[in-house]
Number of protein chains: 2
Amino acid sequence: MNEGLPRISGPPTLEDVAWTAGVSRATVSRVINGIRNVDLEIQERVKQAIVLTGYVPNQAARSLVTRRTGAIALIVSGAGGGEDDSFPHRVFADPFFGRVVGGVVGFLRPLGIYPTLVFADTPQSRDQVIGYLRQGNADGAVLVSIGTEDTLPKLLADTSLPAVLFARPARPIPITYVDVAHRTGGKLAADHLFARGCRRLATISGPLDVPAAQDRLAGFQDAMAVHGHPYLPCAEGNFTLSSGEVAMERLLAEHPDIDGVFAANDLMAQGALLVLRQHGRRVPGDVAVVGFDDSSAALACRPSLTTVRHPVEDMAAEMGRLLLTHIERPDQPVTSRIFEPTLVIRESA
Amino acid sequence: MNEGLPRISGPPTLEDVAWTAGVSRATVSRVINGIRNVDLEIQERVKQAIVLTGYVPNQAARSLVTRRTGAIALIVSGAGGGEDDSFPHRVFADPFFGRVVGGVVGFLRPLGIYPTLVFADTPQSRDQVIGYLRQGNADGAVLVSIGTEDTLPKLLADTSLPAVLFARPARPIPITYVDVAHRTGGKLAADHLFARGCRRLATISGPLDVPAAQDRLAGFQDAMAVHGHPYLPCAEGNFTLSSGEVAMERLLAEHPDIDGVFAANDLMAQGALLVLRQHGRRVPGDVAVVGFDDSSAALACRPSLTTVRHPVEDMAAEMGRLLLTHIERPDQPVTSRIFEPTLVIRESA
DNA sequence: CTGAAAGCGCTAACAC
DNA sequence: GTGTTAGCGCTTTCAG
């Protein structure tokens, strides 16, 4: 072990370690990459040399030859036609995205891999993203896309880069995704409201061009039809708190005798709660309210919100798992996974 | 221009482009990197060849020689001793982090650079992160750290990797940071409450080991002292909604005649609002409430929250700008920047 | 103004 | 088992 000899300059390289340990680069490489067939004594010597030199492998050099970066992209893609510049600022206003990001990060972190956070809302930024990916900056991507007009899932699928979507794409494309059984969720809400005696129900839906919103509504309506209530007032919102307020106002104006409301997400339910209180309705006494998601908003509500749990963190973790599988075996067929929602009963219904 | 010739395999390389354009690799490289001294006609030929071949530069190869990755890390670091595994899930519960991330992403995106999202809460994960950085996975890092016991800022400073902090570190270390003038913010709140006639004030502070919380409190107290009220009831919270509720309950129990409250962030102010309503106090009629941050929570409150604006997005963007400067000139001295808060008047005060 | 050639640090055949 | 060697794709002197 050629200990005290002077090194040239810059950070230590494999060569330095090899020289220090008195072996070849290849052997050091083997030890580092955990390949067997290396004498135990030599392994020890190499390990010492690594510590001695303070060596860390250079990722760029490694990537160049392995054609793997060890990085994955986490893309948040909006439908935006490029109106304004506030997209990154708006995204996290909905607790939903924080949960996705948290779930992905939480899963990847123990593996020592950190996602690259990519936002794409304009057509221009979508191209930029594809370019970025084609430069080989990531081995794959998980994508959460909002709005139905988003072309990125398609573009991504065309790159033949491993990718996994959050939520089934509006138009069918051959790509792996994770989703929750939205219809079941709607049914859960309907059954609960019906069981607690509500008979004059209404619903605040999400934007009806979004599959998830359609399905939540359909699940709710179908279940209520089974209970003998085929026609229900419905106001369309856009998943924001204020749209929930507007919708609730309308519903209340048109149907003052409402005794139960299902909102397609917690934020809109929160808005509904505020409006109901303003109108002097007691919740759940006069009107019962059920939300969807079980986001942090559900707990911030007063009364706290009974809601359908969307297991976003688990789903995000599964996205990560599926992506890693795809990267491992790029030829594997696309396989999606649907999670089951559950009802979380709190004070509002 | 050797058009129709068969290429070998894999994605196109510089070599392919050079061959197609009938020039050397070096020339193509020059064109791509925008180096002058290239004949205009040849430039054109090369550009055509690039389109023809569908060439994109390989980032790994580039990094290997330039020693630049073009990537930067966005680190969220908690004080955590490693209790549980929910850190990534918890982080985004506070709208604050979403704003930081949004600000950083918004600034970097037009530059075609996407941050790597790194969470570090346990001592173990901190080491992992340092290792990751030392592998040359990023040219620099922006760090938002919570809690005073966090050792990462120090570790980072020791790496001599360019870095910028969000908020002044608890213990002074030689590192660039951005911050807001917390004391001024506290003063803004005090002056406003005093001006609207409140004379029996109380405050809900953040965790008092956090410099920002100390400063907001001190600014508030100092200003009130100037107005002739040197002693004010204070309850300590931890920046969460429920801690705001608890604090407000306590304050109300001990000082039932309170007519004004300053909470050190919006989430706690929101909690205070809920408790006040529960106790039948009208806001702002009976009790005026001022928050801090101007986060999304401020708008979700009813009544909407008068608050001190913390220009988080701008500050995050500035972090990005400062970091890029540091990367450009690593020898440059550390230079921090303090932003001024402003008062946003809404309904609650 | 352009080309030739020397690596950047590492892995992976392939010999020994 | 271990060493030798040939690149991975690119930038960058250095000649011409």
Side-chain angles (χ1 to χ4, degrees), chain A residues 1-2 7-47 49-50 53-71 131 134-137 139, chain B residues 1-2 7-47 49-50 53-71 131 134-137 139:
Chain A
M1 180 105 75
N2 302 302
R7 283 237 337 297
I8 324 302
S9 75
T13 71
L14 252 202
E15 184 78 52
D16 297 322
V17 178
W19 188 87
T20 305
V23 298
S24 74
R25 289 209 307 272
T27 300
V28 178
S29 179
R30 288 185 188 108
V31 171
I32 287 172
N33 295 300
I35 294 178
R36 287 167 303 278
N37 298 348
V38 177
D39 187 283
L40 238 69
E41 192 203 331
I42 293 197
Q43 269 190 49
E44 205 41 57
R45 212 145 35 113
V46 169
K47 282 175 186 166
I50 289 174
T53 52
Y55 172 77
V56 276
N58 177 313
Q59 184 58 46
R62 208 173 234 182
S63 298
L64 185 54
V65 39
T66 58
R67 284 144 181 308
R68 280 286 178 79
T69 63
R134 295 221 311 146
Q135 308 221 344
N137 279 298
D139 297 335
Chain B
M1 180 105 72
N2 302 303
R7 285 235 342 294
I8 323 304
S9 75
T13 71
L14 252 202
E15 185 79 51
D16 297 322
V17 179
W19 188 88
T20 306
V23 297
S24 74
R25 289 209 306 272
T27 301
V28 178
S29 179
R30 289 186 186 107
V31 172
I32 286 173
N33 295 300
I35 293 177
R36 289 166 302 280
N37 299 347
V38 177
D39 187 280
L40 238 68
E41 192 204 330
I42 292 196
Q43 267 189 52
E44 206 41 56
R45 213 150 32 116
V46 169
K47 282 176 186 165
I50 289 174
T53 52
Y55 171 78
V56 276
N58 176 312
Q59 185 58 47
R62 208 173 231 182
S63 297
L64 184 54
V65 39
T66 59
R67 288 148 178 308
R68 278 284 178 81
T69 63
R134 294 220 313 145
Q135 308 221 343
N137 279 299
D139 298 335

Visitor: Do D16(A) and T53(A) have a side chain donor and acceptor closer than 3.5 Å?
Guide: no

Visitor: Once you round it to whole Å, what is the distance between P of dT2(D) and CG of L40(A)?
Guide: 10 Å

Visitor: Could you tell me how far apart I32(B) (CD1) and dT12(D) (P) are, to the nearest whole angstrom?
Guide: 13 Å

Visitor: If you assign each of N33(A) and N37(B) to its closest nucleotide in DNA chain C, which residue comes earlier from the 5' end?
Guide: N37(B)

Visitor: Quick one: L64(A) CG to dC8(C) P, roughly how many Å, whole number?
Guide: 13 Å

Visitor: Please find the pair of heavy atoms, one from Y55(A) and one from T13(A), that lie closest to each other, and give the distance.
Guide: CE1-C, 3.5 Å

Visitor: Between P on dC8(C) and CG on N58(A), what's the gap in Å once rounded to a whole number?
Guide: 12 Å

Visitor: Within the structure shown, what part of the strands sits under 4.0 Å from T27(A) by heavy-atom distance: base, sugar-phosphate, or nothing?
Guide: sugar-phosphate

Visitor: Using atom CD1 of I35(B) as one end and atom P of dT13(D) as the other, report the distance to the nearest whole Å.
Guide: 10 Å

Visitor: Does a side-chain heavy-atom distance below 4.5 Å link V23(A) with I42(A)?
Guide: yes

Visitor: Describe, as an angle rounded to 10 degrees, how the axis at the first end of the helix from dC1(C)-dG16(D) to dC16(C)-dG1(D) is tilted relative to the axis at the last end, five pairs per end.
Guide: 40°

Visitor: Measure from the side chain of S29(A), starting at C-beta and using heavy atoms only, and say which of dC8(C), dG1(D), dT11(C) lies closest.
Guide: dT11(C)

Visitor: Using heavy atoms to find the nearest nucleotide of DNA chain D for I42(A) and R25(A) separately, return the residue whose nucleotide is more 5′.
Guide: I42(A)

Visitor: When you compare the side chain of V56(A) with that of I50(A), does any pair of heavy atoms fall below 4.5 Å?
Guide: no

Visitor: Is there a donor on the side chain of R67(A) or the base of dG9(D) sitting less than 3.5 Å from an acceptor on the other?
Guide: no

Visitor: Closest approach of D139(A) and G70(A), non-hydrogen atoms and distance?
Guide: OD2-N, 2.7 Å

Visitor: Grab the OH-C1' distance between Y55(B) and dG9(D) for me, whole Å please.
Guide: 7 Å

Visitor: S24(B) has a side chain; which of dC10(C), dG3(C), dC10(D) sits nearest to it?
Guide: dG3(C)

Visitor: In this structure, how many angstroms lie between the C1' atom of dG3(C) and the CZ atom of R45(B), rounded?
Guide: 14 Å

Visitor: In this structure, how many angstroms lie between the P atom of dA4(C) and the CZ atom of R30(B), rounded?
Guide: 11 Å

Visitor: Identify which nucleotide among dG3(D), dC10(C), dC10(D) has an atom closest to any side-chain atom of V23(A), counting heavy atoms from C-beta outward.
Guide: dG3(D)

Visitor: Please round to the nearest 0.5 Å and tell me the distance separating atom CG of D39(B) and atom CZ of R45(B).
Guide: 8.5 Å

Visitor: Looking at every heavy atom in both R25(A) and A18(A), which two are closest together, and how far apart are they?
Guide: N-CB, 3.6 Å

